[in-house]
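Remarks on the structure that follows.
Lettering follows sequence order; numbering is per chain, from 1.
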2 protein chains.
Amino acid sequence: MLSKKTKYAFHALTYLGKHRDQKTILIHDIAEEYGISHKFLENILLELKKAGVLGSKKGKGGGYYLIKEPKDIPLSKVIRLLDGPIALLPCVSLNYYEPCVECKNEAACGLRSVMIQVRDEMLNVLENKTLADILDRE
Amino acid sequence: MLSKKTKYAFHALTYLGKHRDQKTILIHDIAEEYGISHKFLENILLELKKAGVLGSKKGKGGGYYLIKEPKDIPLSKVIRLLDGPIALLPCVSLNYYEPCVECKNEAACGLRSVMIQVRDEMLNVLENKTLADILDRE
DNA sequence: GTAAACTCTATAATTATTATAGGGAATTAG
DNA sequence: CTAATTCCCTATAATAATTATAGAGTTTAC
């Protein structure tokens, strides 16, 4: 399951995408819209900013805004940023690989080979669908 | 990511599948093979038994054994038993559905419709691949 | 220069996962 | 019939991860 962090990140991005006509959006407004704690959301937006997904402006009239086109923000990127690996086992993660401690021979692991398939099917959706696809349907 | 519980369950089932010639297998032997705590594994095997995947026999000469053919144990069943939902959001879970508290209109949620696709792709693998597929590759 | 708004880091609270503990019940061997 | 073996059950402790809060910076507009 996705963490609340990730889910809130998607909500925030959706909100920012819907209001692209405005130069900036306040954390406050997003938090209120979805009933998220202001401070919790603050941390999330900061991570999205550091990752180059959002831009921000300080001071009066400041706020956050999308720095990329929605079509250039794949869902996989957001999940990896906030949640970490998408794969179901560390030994099949492309971005957060770790061997399974109890595994003697990774290449011969039957579970692993199925989990590679699951990962690829997930990525097939999550890498190709973007924020634009979410916005389209709202 | 799958929990250790689920991963251990898969290890245990694989071990039991590999030793189907034997009538029963001791918890101890499985625990030792994979370096799992005996007591932790005990709880897991008990759950698998309650779910009708394993059978057991008490007393000397007792132990656990597969009660179904490996081909009749889909991976999805094991994951749901030990980990719960496979879906990435509660609102798209087939077996553990819950609405998202912050969601006003589920049918119009863009994130949800993508997550349904992800779920279906995952299930396409996890419902059709079984313990037999894991055993084949070991 | 003051209020608005994001920045940064630390820490507290809560929840979930992992692990342990120990007595109970059934079965077998002798 | 007794002792040893092995699973059964439930409770609880330990650890880790997630979620939430706090407060003192920094930048900007006016």
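If you walk DNA chain D from 5' to 3' and mark each nucleotide with an atom closer than 4.0 Å to a heavy atom of chain A, the marks span D:dT19 to D:dA29.
Remark: A:Lys129 pairs with no residue by the salt bridge (Lys or Arg N to Asp or Glu O under 4.0 Å) rule, at least two apart or across chains. Among residues two or more places apart in sequence or in another chain, the side chain to side chain donor-acceptor pair (under 3.5 Å) test is passed with A:Tyr65 by none. Judged as a salt bridge (Lys or Arg N to Asp or Glu O under 4.0 Å), and not counting sequence neighbours, the contacts of B:Lys5 are B:Glu47. Every residue meeting the side chain to side chain donor-acceptor pair (under 3.5 Å) condition with A:Lys39, not counting sequence neighbours, appears here in chain and number order: A:Glu42. Residues satisfying the side chain to side chain donor-acceptor pair (under 3.5 Å) test with B:Lys104, not counting sequence neighbours, are A:Glu33.
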Are any protein N/O atoms closer than 3.5 Å to N/O atoms in nucleotides 5-8 of chain C? If there are, list each pair with its distance.
unit_1, atom_1, unit_2, atom_2, d
C:dA5, O4', A:Gly59, O, 3.4
C:dC6, OP1, A:Ile27, N, 3.2
C:dC6, O3', A:Ser56, OG, 3.3
C:dT7, OP1, A:Lys49, NZ, 2.6
C:dT7, OP1, A:Ser56, OG, 2.7
C:dT7, OP2, A:Tyr64, OH, 2.2
C:dC8, N4, A:Glu42, OE1, 3.2

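Taken residue by residue, residues 81-96 of chain A places no heavy atom nearer than 4.0 Å to DNA chain D.
One atom, OH of B:Tyr8, and another, P of C:dT18, lie 8 Å apart when rounded to the nearest Å. The distance between atom NZ of B:Lys23 and atom P of C:dT28, rounded to the nearest whole Å, is 12 Å.
Within the structure, side chain to side chain donor-acceptor pair (under 3.5 Å) contacts touching residues 50-63 of chain B (residues at least two apart or in different chains) are B:Lys49-B:Ser56. Pairs passing the side chain to side chain donor-acceptor pair (under 3.5 Å) check and including a residue from residues 15-29 of chain A, sequence neighbours excluded, read A:Lys18-A:Glu138. Applying the side chain to side chain donor-acceptor pair (under 3.5 Å) definition to pairs two or more places apart or across chains, those involving residues 88-98 of chain A are A:Tyr97-A:Glu106. Among residue pairs with one or both ends in residues 66-89 of chain A, those qualifying as side chain to side chain donor-acceptor pair (under 3.5 Å) are A:Ser3-A:Asp83, A:Thr6-A:Asp83, A:Ser76-A:Glu127, A:Arg80-A:Glu127; sequence neighbours excluded.
A:Leu111 and B:Leu123 fall within a single hydrophobic cluster, where Ile, Leu, Val, Met, Phe, Trp and Tyr side chains are chained together by heavy-atom contacts under 4.5 Å.
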